[in-house]
> 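Dropping a structure here in structure tokens format, bear with me for questions.
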Amino acid sequence: MTAPTQAQFQRTFYRWGGDSRLGNGAGPGLWPVSSSLASRAALRSWHRRIEPWLRTAPGNAPAPNHFYGAFGSEAIMIRREQTADPESATAQLLIGPAEFLTPADALELRDWQWRPASRSTGLAPLDLARLDVHRSDLRARAGSAPVAKRLGPLLSQALAGPAAVLSPLSQYAEPLLWGIQEIIVVLFEGLTEEQRWPLSFVTHDDRPRSQEQPGLFIRFRDDAPRVTAHPVYGALAGRLVTEYVRHGINGLRALTAEPALQSLGPQARIDLLLHQLSGEPVPRRPSTPGERVTPTETSRTPTGG
């Protein structure tokens, strides 16, 4: 992927304390202490949007974990760290065009750390090429047996429609997300950005009242029940995961190359694949923008998930 030369990625570093580039004098807290954003107004705008996702619950000491979300034409990835001491919390934010800071990009950059050496150290914007050295993909781990076993049920819940999908905390969160986003990308190839479901995720969600994100939002929570196969989409998800593990995205493309799919929106594609690959009747849904009801549909209402 090649970004236009004008595409830039902004960085902001948060640390616990009383100093803040926001200049709000609000007292001790998790505040931005260094940023490449040019204006205080821009920094304040981002702070309002992502404040619920800046940290995990005070007193918890999870492994480094991440939030990713798209906000209109821009996206953000947050790397969050803290020990049992709430005042140890830090957050590293990477902000860029959603077209070039995708869920896959965020996952590839999951281990990158660039915290400033001191409070006075400035941060500069980066272009896409300067991020490449920090990438590491998760394809091998996403196709491993322990991940594939868990990927089918999680994918089946995601196929039911754009909504929050809860999963227990897992050491496999990132490879699971990698598999989900690769499969979703293939399923929705050829659709416009407006037609696709936006994908957001948080790999450690332990706050008692967490906000939602639009679209498909995968949340690994400490109190979530075990993910089970969706009663309607379980078989389809199992078939897609099998092809993905055995043959990668090329295997998926072979399954989804049916010309009849190309004129359909996201959920209609999934439902027609369900019918074609498993023989299950296509669930009847209210028509929505970007979706077309095929004349061969039979009625079935999804349950569960």
Side-chain angles (χ1 to χ4, degrees), residues 14 16 30 50-69 76-94 103-113 136-160 162-184 198-230 234 237 241 245 304-305:
Y14 278 73
W16 186 274
L30 189 60
I50 54 82
E51 187 174 13
W53 305 111
L54 281 172
R55 63 175 305 175
T56 53
N60 283 355
N65 55 93
H66 302 84
F67 167 83
Y68 169 84
I76 189 166
M77 186 265 278
I78 307 175
R79 178 185 170 93
R80 312 178 304 179
E81 298 182 67
Q82 72 180 43
T83 67
D85 177 3
E87 296 185 8
S88 69
T90 63
Q92 299 173 71
L93 281 57
L94 183 68
D105 294 309
L107 290 166
E108 285 180 331
L109 295 166
R110 67 197 178 278
D111 293 328
W112 179 36
Q113 297 191 63
S136 58
D137 71 41
L138 289 151
R139 287 185 179 89
R141 290 183 63 196
S144 67
V147 175
K149 173 183 173 183
R150 294 164 173 82
L151 183 56
L154 188 61
L155 177 65
S156 75
Q157 297 294 335
L159 294 179
V165 176
L166 302 183
S167 172
L169 297 178
S170 173
Q171 62 178 313
Y172 303 112
E174 287 152 346
L176 283 167
L177 289 165
W178 184 270
I180 292 283
Q181 63 85 24
E182 284 215 304
I183 293 170
I184 291 292
L199 172 61
S200 303
F201 60 78
V202 58
T203 61
H204 190 106
D205 183 10
D206 59 4
R207 304 302 292 267
R209 294 183 180 179
S210 292
Q211 292 190 2
E212 297 294 341
Q213 283 288 111
L216 180 58
F217 185 25
I218 301 180
R219 301 165 59 182
F220 291 86
R221 281 194 59 85
D222 57 345
D223 58 356
R226 182 176 66 90
V227 181
T228 58
H230 191 279
V241 169
V245 170

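The shown structure was predicted, so the numbers you read here are calculated from the model rather than taken from an experiment.
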> For F220, run the side chain to side chain contact (heavy atoms under 4.5 Å, CB included) check against N65, L169, V165 and tell me which one passes.
L169
> Evaluate side chain to side chain contact (heavy atoms under 4.5 Å, CB included) for L159 paired with H230, printing each intermediate quantity in order.
CA-CA 9 Å; L159 294 179; H230 191 279; over 6 Å; no
> Does a donor on one side chain sit under 3.5 Å from an acceptor on the other, for E174 and W178?
no
> So, taking the atom named CD in Q157 and the one named OG1 in T228, what distance separates them when rounded to the nearest 0.5 Å?
5.5 Å
> Is Q82 reaching over with its side chain to a backbone N or O of P62, donor-acceptor style, under 3.5 angstrom?
no
> Could you pull out the closest heavy-atom pair between A237 and G152, with the gap in Å?
CB-O, 3.4 Å
> Checking I180 against F201 for the side chain to side chain contact (heavy atoms under 4.5 Å, CB included) test, could you report, in this order, the C-alpha distance in whole Å, the side-chain angles of both residues, the deciding distance, and whether it holds?
CA-CA 11 Å; I180 292 283; F201 60 78; over 6 Å; no
> Using only atom types and a distance under 3.5 Å, with no angle test, would you say the side chain of R79 pairs donor to acceptor with the backbone of R110?
yes
> Keeping to residues at least two apart or across chains, list the side chain to side chain donor-acceptor pair (under 3.5 Å) pairs with something in residues 141-155.
none
> Start with the C-alpha distance between Q181 and I218, add both sets of side-chain angles, then the distance that settles side chain to side chain contact (heavy atoms under 4.5 Å, CB included), and finish with yes or no.
CA-CA 11 Å; Q181 63 85 24; I218 301 180; over 6 Å; no
> Could you tell me whether a side-chain N or O of S88 sits under 3.5 Å from a main-chain N or O of T83, the two making a donor and an acceptor?
yes
> Measure the spacing between NE2 of H66 and NE2 of H204 and express it to the nearest 0.5 Å.
13.0 Å
> Can you tell me how far apart CG (L155) and CD1 (I183) are? Round to the nearest 0.5 Å.
5.0 Å
> Determine the minimum heavy-atom distance between R139 and E182, stating which atoms define it.
NE-OE2, 3.4 Å
> Any side-chain heavy atom of L154 within less than 4.5 Å of one from Y172?
no
> Considering non-hydrogen atoms only, spot the tightest contact between M77 and L109 and give its length.
CE-O, 3.6 Å
> Are the side chain of D206 and the backbone of A57 linked by a donor-acceptor contact shorter than 3.5 Å?
yes
> Is the closest side-chain heavy-atom distance between L94 and W112 below 4.5 Å?
yes
> Could you tell me whether the side chain of R219 and the main chain of S200 form a donor-acceptor pair under 3.5 Å?
no
> Given side chains that start at C-beta, do those of L54 and L93 come closer than 4.5 Å, heavy atoms only?
yes
> Of all the heavy-atom pairs spanning A142 and G179, show the shortest one and how long it is.
CB-N, 4.1 Å
> To the nearest 0.5 Å, what is the distance between OH on Y14 and CD1 on I78?
8.0 Å
> Using every non-hydrogen atom in the two residues, find where L30 and A89 come nearest and quote the distance to one decimal.
CD1-O, 3.3 Å
> Below 30° counts as parallel, above 60° as perpendicular, anything between as tilted: where do the rings of W53 and F67 land?
parallel
> S167 pairs by side chain to side chain contact (heavy atoms under 4.5 Å, CB included) with which of D205, V227, T203?
V227
> Do the side chains of R80 and R55 get nearer than 4.5 Å, heavy atoms only?
no
> If you compare all heavy atoms of A229 against all heavy atoms of P153, which two are closest, and at what distance to 0.1 Å?
N-CB, 3.9 Å
